[in-house]
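Chain naming here is simple, since letters A, B, ... match the order of the sequence lines and numbering starts at 1 in each.
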Amino acid sequence: MQRVRFAPSPTGFLHIGSARTFIFNWLYARHNGGAMILRIDDTDVERNTEASLASIFEGLNWLGLGWDELYRQSDRLALHRQAAEAIFAKGLAYRDFTPATGDEGAKSRATGPWLFNSDMRELAAAESDRRAAAGEPFVLRFRVPRESRTAVAFADAVYGGQSKLTTDIEDFALLRSNGAPTYHLASCADDADLRISSIIRGQDHLSNTFKHILIFEALGVEPPRFGHLPLLVAPDGAKLSKRRHGPVVSVTTYRDRGFLSHAYVNFLCLLGWSPKDNREQLSRQELIDAFTLEGVNRANAVVNFSEEDPIDAKALWLNSQHLRAMPVDELAPLVRAELEATGLAVPYDETGLRTTVDAIRSRFFTIKDFPIRGRAYFADDFPIEADALDKLNKPGARELLRELSERLQANPEFTEQSVEADLRALADARGVKAGVLINGARAALTGQPVGPSAFTVFTAIGRDRAIARLGGV
RNA sequence: GGCGCUAUCGUCUAAUGGUUAGGACAGAGCCCUCUCAAGGCUUAAAUACGGGUUCGACUCCCGUUAGCGCUACCA
């Protein structure tokens, strides 16, 4: 059985790139009948926060896909220690007593590739043991084999054959001087223990994979398969970051903007993956059926947003498509929740709500449009837009609308057909074009110059409210 | 600096040696129409550059350029 995992570290909110990685893993698991494992990689106690963990779950829950198993790395420290000891016992790691300088990164960039400190790598075992026993702090480093083998290679499911010379791989750390495992060790030890069969993750880990393969081998297990995903970047090509790009990088932004979670999942899937048959709008099942790692491409994908508009136009379009296409039965409860969240009492029964939602949704893009642009359908206090006011201010318009209101009082059935008949009869009788009355009625009923067919508006608003609004112009 | 990865319309992408280089979003126009959307139709828009290989390159190879990633006792 295939086993894949998503392993976020709780150092911030759920990033949209992380969300996409989660989705691809989930899709892969479902497509192959495998298991989706969620593992919280919280080995960096300095940077992890419970608030961040909560916001990651918040984002994941909104996506609504779920997972099969849940683990927390901080619960598995003993396993990581054992793994480090096993590797050390095999002579595949050594103690490095060099004191931390705090600027390792700067050093390596300034002086070229830093691979290892030969004094420490070759330190006699007795001497190493003596210093450790004396309590001298050390970092446990992997002893990258450079004589016994020349390269590490693997076949990436997305990027193809990969190979790196062992002379280009540094002696990376396994254990920090405080005894805590590094990401590389903890991640591989857990992946081995959890029997992860395929690791699907961001391309920023492609170079790390050589180290990971070395660790898996040192642990005596077969390395899993790897599939790396192209990164999501900003319009200027830079990696998306909270600091520079703000809320666009958090999935909760899209939730708060009224996106349907599935539509957003659909959008994210199209960034770096394609079903190759020109389909864009796909249901969850269609995504599961179509998803393969072979369909993933290799170039980074740009999330197309701007300062003025943080939402990618295609995401918005896709959302509007799903908004129109999804069953009204599923949409109506979401609309009801949104209305109630904004303090509007829903003046419809279930059937009435569904009818109204169905009538107005083709003009809307997100759930937020219902209480805002659709306010007149749900409340009696709604703004009159300037263009609508112009229509009402046309000479004779108000009188005609009030006359229509009276005429409709004699129309008990109030169907689209009967209302239309009444309106057209009145227009004929007064010698005005029906369109003038129709557009005036829409303006009076909704406060907007645009919207659905006026007769649909009449029935959606309902007889009593419609008559009152026309009579009150 | 070293190592690795990548490069098709503005953006997301299709085309794995032979197509007038296709689709979608965004843009422009037309149709439909009680308005606005939706929908339909039309239009503009791309193979980074330079060399090869080949009868034939978006596709394969080399180089250049650009971007990204890794190069931490972060993940």
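- For A/Glu170 and B/G69, the CD to C1' distance is 14 Å, given to the nearest whole Å.
- You'll find a donor-acceptor pair under 3.5 Å spanning the side chain of A/Arg442 and the base of B/C34, going by distance alone.
- Counting atom types as modelled, A/Arg298 pairs no side-chain N or O with a base atom of B/C5 as donor and acceptor under 3.5 Å.
- Counting all heavy atoms, side chain and backbone alike, A/Leu38 lies closest to A/Phe57 at CD2-CE2, 3.7 Å.
- Note on A/Arg279 versus A/Asp277: salt bridge recorded, some NZ/NE/NH1/NH2 to OD/OE distance being below 4.0 Å.
- Residues of residues 265-274 of chain A that place a heavy atom closer than 4.0 Å to RNA chain B, in numerical order, are A/Leu270, A/Leu271, A/Gly272, A/Ser274.
- Summarising the geometry, the separation between CD on A/Gln321 and C1' on B/A38 is reported as 9 Å, rounded to the nearest angstrom.
- Atom pair A/Leu206:CG and B/C3:P shows a separation of 16 Å (rounding to whole Å applied).
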Give every pair of a protein N or O atom and an N or O atom of nucleotides 26-30 of chain B that lie under 3.5 Å apart, one pair per line with the distance.
none

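- Between the CG atom of A/Asn300 and the P atom of B/C12 there is a distance of 10 Å, rounded to whole Å.
- Under 3.5 Å, the side chains of A/Arg146 and A/Thr166 contain no donor-acceptor pair of N or O atoms.
- As rounded to the nearest Å, B/G40 and B/C32 have C1' atoms that lie 8 Å from one another.
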